[in-house]
Asker: 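Questions regarding the structure given below will be posed in turn.
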2 protein chains.
Amino acid sequence: MIDDLDRQIIDQLRVDGRRSFGEIGRSVGLSEASVRARFQRLQRRGIIQVVGMTDAVKLGEIGVHLAVRVHHIPVSLVARELSRMPEVRYVASCVGPYDLIADVRCRDLSHLSELLTERVRRVNGVAHAEALTVLDVLKDTYLWAGFRELPAAPGDRILPP
Amino acid sequence: MIDDLDRQIIDQLRVDGRRSFGEIGRSVGLSEASVRARFQRLQRRGIIQVVGMTDAVKLGEIGVHLAVRVHHIPVSLVARELSRMPEVRYVASCVGPYDLIADVRCRDLSHLSELLTERVRRVNGVAHAEALTVLDVLKDTYLWAGFRELPAAPGDRILPP
DNA sequence: GGTGAAAGGCCCTAGAG
DNA sequence: CTCTAGGGCCTTTCACC
């Protein structure tokens, strides 16, 4: 399905999404063309996407994490409605005390208020929506490739010097 | 602080983080060199980062969203401890029924279990941690530049054809 | 802040193992 | 799925506005 070379390519892109395929190829031992082909496969299958991520607080926006409880109708229908809203950047169905999670980005408080009261809470099936408003983002890093590379010694690096 | 040109550049990178600066320049009316300079400024200030984002479910990993309540000690100290853990990809302090949010990615259930019981719940000050395990990611898109470009007619696009 | 120009490297397609 | 090869585009750096 996905092999170790794919994982190595993903790791490099998680640190820097603009790293050139040539450079990645050199450090994983593949030609540039192969890295590109693998990347395109991964992208087509929805396994990876390279995007610019912004810090809501630094941009002066309001970031809100929503947890939603759904009653009487399928969770996927509510998810679809939420996904339609452009302010909603992330929607996932979950197991746990809530059925859905959604991440939201708004311009200001009145925009947030309109979104929550006029749209989110009026979606059929939304029984309860809990909102956590972001005050400060303390980590949003991809500096570690995740659990494959553990904290280890300070100074360790994934990327060649 | 950040002007409309910056926002336009950010919008393009949110759709495709690998879009060339030349192409961006053409569509926002700046030279390639200026787009690059602006991008680097935004990146240095932590406003944007271009990274590869993976879909936990499609990779066979387990994604968990944690909401944490902190007692007796400063939230920022707990945040710092959580940030040290490589499985933790995102940490933010919040207003609302919980004090902190953390997003976590684990290899499998035993890894998740070890992380939660041995590490997260043992951090000083963690009074309660609620976990939502991701079943399916239904939206993780940057196809809209956010609230600046509204859903509008189907077929509308941010990017030139 | 902004530009343009030159050198080098990168991206991309094609074609073949 | 991999590679090499090439033309064209992009990146990088510079000097200058």
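Numbered from 1 within each chain, the chains take letters A, B, ... in sequence-line order. Hydrogens, waters and symmetry mates are skipped; everything else that's a heavy atom, side chains included, is used.
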Asker: How would you list, by chain and number, every residue that makes a side chain to side chain contact (heavy atoms under 4.5 Å, CB included) with B:Arg26, sequence neighbours excluded?
Answerer: B:Glu23

Asker: Report yes if the side chains of A:Asp55 and A:Leu59 come closer than 4.5 Å at any heavy-atom pair, otherwise no.
Answerer: no

Asker: Less than 3.5 Å apart, which donor and acceptor atoms pair up between the side chains of residues 35-45 of chain A and the rest of the protein, not counting sequence neighbours?
Answerer:
residue, atom, partner, partner atom, Å
A:Arg36, NH2, A:Glu32, OE2, 3.4
A:Arg38, NH1, A:Asp3, OD1, 2.9
A:Arg38, NH1, A:Asp3, OD2, 3.2
A:Arg38, NH1, A:Asp6, OD1, 2.9
A:Arg38, NH2, A:Asp3, OD2, 3.2
A:Arg45, NH1, A:Met1, O, 3.3
A:Arg45, NH2, A:Met1, O, 3.4

Asker: According to a 3.5 Å limit on both distances, what stems of 3 or more consecutive Watson-Crick or G-U pairs are formed with DNA chain D?
Answerer: C:3-17 with D:1-15

Asker: Hey, can you pull the donor-acceptor pairs under 3.5 Å for the side chains in residues 129-136 of chain B, sequence neighbours left out?
Answerer:
residue, atom, partner, partner atom, Å
B:Glu130, OE1, B:Tyr98, OH, 3.1
B:Glu130, OE2, B:Tyr98, OH, 2.8

Asker: Shoot me the first and last contacting nucleotide of DNA chain D against chain A, ordered 5' to 3', at under 4.0 angstrom to non-hydrogen atoms.
Answerer: D:dC1 to D:dT11

Asker: With sequence neighbours left out, write down each residue that passes side-chain hydrogen bond (donor to acceptor under 3.5 Å, both in side chains) with B:Thr117, or none if nothing qualifies.
Answerer: none

Asker: Kindly write out the residues that satisfy side chain to side chain contact (heavy atoms under 4.5 Å, CB included) with A:Asn124, not counting sequence neighbours, or none if the list is empty.
Answerer: A:Ile73

Asker: Could you tell me which residues satisfy side-chain hydrogen bond (donor to acceptor under 3.5 Å, both in side chains) with B:Glu114, sequence neighbours excluded, listed by chain and number?
Answerer: B:Arg119

Asker: Between A:Gln12 and A:Ile24, is there a side-chain heavy-atom distance shorter than 4.5 Å?
Answerer: yes

Asker: Output one letter per nucleotide in nucleotides 6-17 of chain C: B when a protein non-hydrogen atom lies under 4.0 Å from the base, S when only the sugar-phosphate is that close, - when neither is.
Answerer: ----SBB-----

Asker: Mind checking side-chain hydrogen bond (donor to acceptor under 3.5 Å, both in side chains) for B:Ser34 and listing every partner two or more places apart, or none if nothing turns up?
Answerer: B:Ser31

Asker: Should B:Ser31 be listed as having a side-chain N or O under 4.0 Å from OP1 or OP2 of C:dT3?
Answerer: yes

Asker: What ring-ring contact (aromatic ring centres under 6.0 Å, His included) pairs are there with at least one residue in residues 47-84 of chain A, not counting sequence neighbours?
Answerer: A:His65-B:Tyr90

